[in-house]
Amino acid sequence: MSLVFFLLSLSLFISSSSSSSASPYPYGGLSYHIDCGGPTDSVDPFNTAWLSDRFFTGGATSVVSEPLQFHHPQEKTLRYFPLSAGKKNCYIIPNLPSGRYYIRTFTVYDNYDGKSHSPSFDVSVEGTVVFSWRSPWPEDLARTGAYSDLFAFVSDSEADVCFYSIATDPPVIGSLQLIRVDPASYNAVSIGQNYILVNYGRFTCGSDQFGPGFSNDTDLFGRSWQNDKDVRSTDDDSTVRSLSTRNTIANTDQSPNYFPMKLYQTATLVDGKGVLVYELQVDAKLDYLLWFHFAEIDSSVTKSGQRVFDILINGKNVNRIDIFKEVGNFAAYSWSYTVKNLSNTVLSVKLQSVAGAALISGLENYALVPADVATVPEQVVAMRALKDSLRIPDRMGWNGDPCAPTNWDAWEGVTCHLNKNETALVISRIDLGSQGLKGFISDQISLLSNLASLNLSSNSLGGTLPSGLGQKSLNKLDLSDNQFSGSIPQSLATSDLQLVLMNNNLLEGQVPEELYSIGVHGGSIDLYGNKGLCGVPSLPDCPLFWENGGLSKKGKIAIAVSCVFGFCLLLLVLYIICIRRRRNDYDFGLPQDLMSLAAKRNRYQRQKSLMLLEMESQHAKALTPFTPQ
């Protein structure tokens, strides 16, 4: 029977043995339940709200071939990622606060494609491979599917769950769930945030499986608990039996782990002095965190020493347990142990009686998967900007972290290496020649401070070259056979380039002399086919006042001098006008008054002239001699 996962998203008040109420669960408000391939939102029989498919980077949807054998809608649909969507595809859940998250996937094949070939692929969370599926799957698993879960820290505001195709097989996923949990859960303080806890078995002892999805019993973390009967045994003929109670169990549903009360209301024990044995399948390359759960629910045990037993892990006695001594009766008690340096794929856990029958309520086994190194955050920003600006096609699979996981190939055309401190990955090479790209180079490329080689040749890229292109680390640059325009940025002249190919573009302006000198000092440079370039041997001379597609420094100086000269000349003219006006300070009339005054002067002068002529005439007559008749 397929299992369904349920997250309780409402705050609950937690009961204690004293019937006093504790603080409400503080992490219940943030959860996602995504029905992969589902076209609409839905609600399952346990009142969990499922979202229609979203947050994916590519792929297509389908339905299982036998939908009637699945009980819930989110188990009947799936998303698959054909090779045309790229080798790497992801679900990227955005806008998450930093913290610890419980992540659960449902993976199903059920011959949805009619090919009767279950696929091979890997699954990563936050850049670390956590699940590997290899064809052929067991028949029952391929038909009914399986749930897998883990605890991981998210620190970059988004959770990446990615799928990587092996050979040509398309990865599949039926549902994806994410729940925020207490960041201090499961010894996070001592273990640290650099491990992902992958569930290798979570068992309830003495009861049927329970938890969100297949019972009405709640688990605030959304954990499901399986019956332990398939992994337990005894080392003799002792009888294993179950014990249960309806009494309230103290110390349950409490921070930081919020283990549910129902877990401690049942138990498995072995009669007499028998040894209770659990054999857990593991990967010997990893370390494991075992979490034991106990509660003394037998009312006949009233004092310490009545029930005492040892815990042996792979034959080593690691602890002696007296539940009543630790917490009394009807109270939860948990204890954890980390197992290291395994030599085989079976982890043996034994409970050996010292006094009374050995008893256990629950057992969890988590693989401690070291978190893989991730790409430097600012370089992730740069690569995502380049993905958009270069219009990278889906088939190249530029999704998730550009470099991680390290055991996968990086993004197609991208080469990475560890930084000097070996604490993160950096981009060292981008080779995207002849990929049919039609965009431009984002100025965010300046964030790729470790980029040594960039090849974007033989595409249809255009626009100007960003000023940030020319990192000190860059030694090979091939932008040939594109449609780049504008000038060559001066930043390229300050890099350590040894190979520069910019031929057959639309570049113009003066070539920086330092850049051209690469060819003189043992490197190679090709600028052929850029009709607008000038200023170096084999290219035309640049106009006197023109360089790099604009005014040269000399041209700017000449314009500045001309402006200063013109301004001085204007000042001189204004000065002369002011001096002349001062010489006629008596003349304050308006223009029409000045014209009237001039007219009066003219009439006066004419009258004066006439009077003078008349006087002269009369004077002449007076001087004429008299002649007698």
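Along the sequence shown, residues are numbered consecutively beginning with 1.
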Problem - Backbone N/O of Pro119 and side chain of Asp169: donor-acceptor pair under 3.5 Å - result: no
Handout entry: pair Asn314-Leu342: side-chain heavy atoms closer than 4.5 Å
Key = yes
Practice task
Quick one: pull up CD1 in Ile93 and CZ in Phe56 and give me the separation to the nearest 0.5 Å.
Solution key: 13.0 Å
Practice task
Would you indicate whether the side-chain heavy atoms of Thr107 and Phe131 approach each other to under 4.5 Å?
Solution key: no
Problem - Polar side-chain atom of Lys87 near backbone of Ser165 as donor-acceptor pair, under 3.5 Å - result: yes
Completion exercise
dist Asn194:CG -> Leu368:CG (nearest 0.5 Å) comes out at 12.0 Å
Exercise for the section: Check whether any side-chain heavy atom of Asp149 sits under 4.5 Å from a side-chain heavy atom of Arg202, and report yes or no. Expected result: yes
Handout entry: Non-hydrogen side-chain atoms of Val108 and Phe70 separated by less than 4.5 Å
Key = yes
Exercise for the section: Enter the distance from Arg104:CZ to Ser224:OG here, rounded to the nearest 0.5 Å. Expected result: 3.5 Å
Problem - Residue Arg395 excluded, over 12 heavy atoms near CZ under 6.0 Å - result: yes
Handout entry: Over 12 foreign heavy atoms within 6.0 Å of CG, Asp283
Key = yes
Completion exercise
Nearest heavy-atom contact between Leu290 and Val349 is CD1-CG2, 3.9 Å
Practice task
Supply the atom-to-atom distance Thr415 OG1 to Leu425 CG, rounded to the nearest 0.5 angstrom.
Solution key: 12.0 Å
Exercise for the section: Identify the heavy atoms of Ser242 and Leu269 that sit nearest to each other, and give their distance. Expected result: C-CD2, 4.3 Å
Problem - Student check: side-chain heavy atoms of Phe121 and Val172 closer than 4.5 Å - result: yes
Fill in the blank from the handout: Between Asp228 and Cys205 the two heavy atoms that sit nearest each other are OD2-SG, 3.4 Å
Practice task
I would like to know whether Tyr264 and Ser334 meet side chain to side chain contact (heavy atoms under 4.5 Å, CB included); could you show each step before the answer?
Solution key: CA-CA 10 Å; Tyr264 299 94; Ser334 298; 3.0 Å; yes
Problem - Residues, nucleotides or ligands: over 12 heavy atoms within 6.0 Å of Tyr195 OH - result: no
Exercise for the section: Test side chain to side chain contact (heavy atoms under 4.5 Å, CB included) on Ile34 and Asp53 and set out the steps. Expected result: CA-CA 6 Å; Ile34 302 172; Asp53 202 2; 4.0 Å; yes
Handout entry: Any side-chain donor near an acceptor of the partner, Asp401 and Thr375, under 3.5 Å
Key = yes
Practice task
Kindly say whether Asp217 contributes a backbone atom to a donor-acceptor pair with the side chain of Lys262 at under 3.5 angstrom?
Solution key: no
Problem - Polar side-chain atom of Glu158 near backbone of Ile92 as donor-acceptor pair, under 3.5 Å - result: no
Handout entry: No-hydrogen, no-angle side-chain donor-acceptor test under 3.5 Å, Tyr366 and Ser336
Key = no
Practice task
Determine whether the side chains of Asn257 and Ser185 contain a donor N or O and an acceptor N or O closer than 3.5 Å.
Solution key: no
Problem - Backbone of Ser118 reached by a side-chain donor or acceptor of Ser135 within 3.5 Å - result: yes
Practice task
Start with the C-alpha gap between Leu150 and Leu197, add the side-chain angles, then the distance that decides, and say whether side chain to side chain contact (heavy atoms under 4.5 Å, CB included) holds.
Solution key: CA-CA 5 Å; Leu150 54 85; Leu197 272 59; 5.9 Å; no
Problem - Side-chain donor/acceptor of Trp411 to backbone N/O of Asn399, under 3.5 Å - result: yes
Handout entry: Nearest heavy atoms of Ser155 and Glu126, plus distance in Å
Key = N-OE1, 4.5 Å
Exercise for the section: Apply the side-chain hydrogen bond (donor to acceptor under 3.5 Å, both in side chains) test between Trp50 and each candidate in Asp35, Asp44, Asp41; give the one that qualifies. Expected result: Asp44
Exercise for the section: With side chain to side chain contact (heavy atoms under 4.5 Å, CB included) as the test, would you mind laying out the steps for Thr245 and Asp298 before giving the verdict? Expected result: CA-CA 8 Å; Thr245 184; Asp298 186 347; over 6 Å; no
Handout entry: Closest approach of Gln209 to Gln226 (non-hydrogen atoms, all atoms of both residues)
Key = CB-CA, 4.0 Å
Handout entry: Pairwise side-chain contact, Arg143 with Gln69, heavy-atom cut-off 4.5 Å (strictly under)
Key = yes
Problem - Check: Thr266 main-chain N/O paired with Ser361 side-chain donor or acceptor under 3.5 Å - result: yes
Practice task
Could you tell me how the ring of Trp137 sits relative to the ring of Trp133: parallel (under 30°), tilted (30 to 60°) or perpendicular (over 60°)?
Solution key: tilted
Problem - Ring center gap for Phe163 and Phe81 short of 6.0 angstrom - result: yes
Practice task
Decide yes or no for Tyr186 and Arg100: does some side-chain heavy atom of the first lie under 4.5 Å from some side-chain heavy atom of the second?
Solution key: yes
Problem - Pair Phe203 and Tyr278, ring centroids less than 6.0 Å apart - result: no
Exercise for the section: May I ask you to decide if Asn247's main-chain N or O and Gln265's side chain share a donor-acceptor pair within less than 3.5 Å? Expected result: yes
Practice task
Establish, from distance only, whether the side-chain atoms of Tyr333 and Asn251 form a donor-acceptor pair under 3.5 Å.
Solution key: no
Practice task
List the atom of Tyr91, the atom of Arg79, and the distance in Å for their closest heavy-atom pair.
Solution key: OH-CD, 3.2 Å
Practice task
Look at atom NZ of Lys76 and say whether more than 12 heavy atoms of other residues, nucleotides or ligands are closer to it than 6.0 Å.
Solution key: yes
Handout entry: Single hit among Thr268, Ile321, Ile323 for side-chain contact (heavy atoms from CB on, under 4.5 Å) with Leu359
Key = Ile323
Exercise for the section: State, yes or no, whether a side-chain contact exists between Thr406 and Val373 at a heavy-atom distance under 4.5 Å. Expected result: yes
Handout entry: Distance in Å, Asp182 CG paired with Arg180 CZ, rounded so as to fall on 0.5 Å steps
Key = 9.5 Å
Handout entry: Spatial distance of atom CG (Asp219) from atom CG (Asp253) [nearest 0.5 Å]
Key = 8.0 Å
Practice task
Mind telling me whether Phe259 and His293 have parallel, tilted or perpendicular rings, with 30° and 60° as the class edges?
Solution key: perpendicular
Handout entry: Over 12 foreign heavy atoms within 6.0 Å of CD, Gln193
Key = no
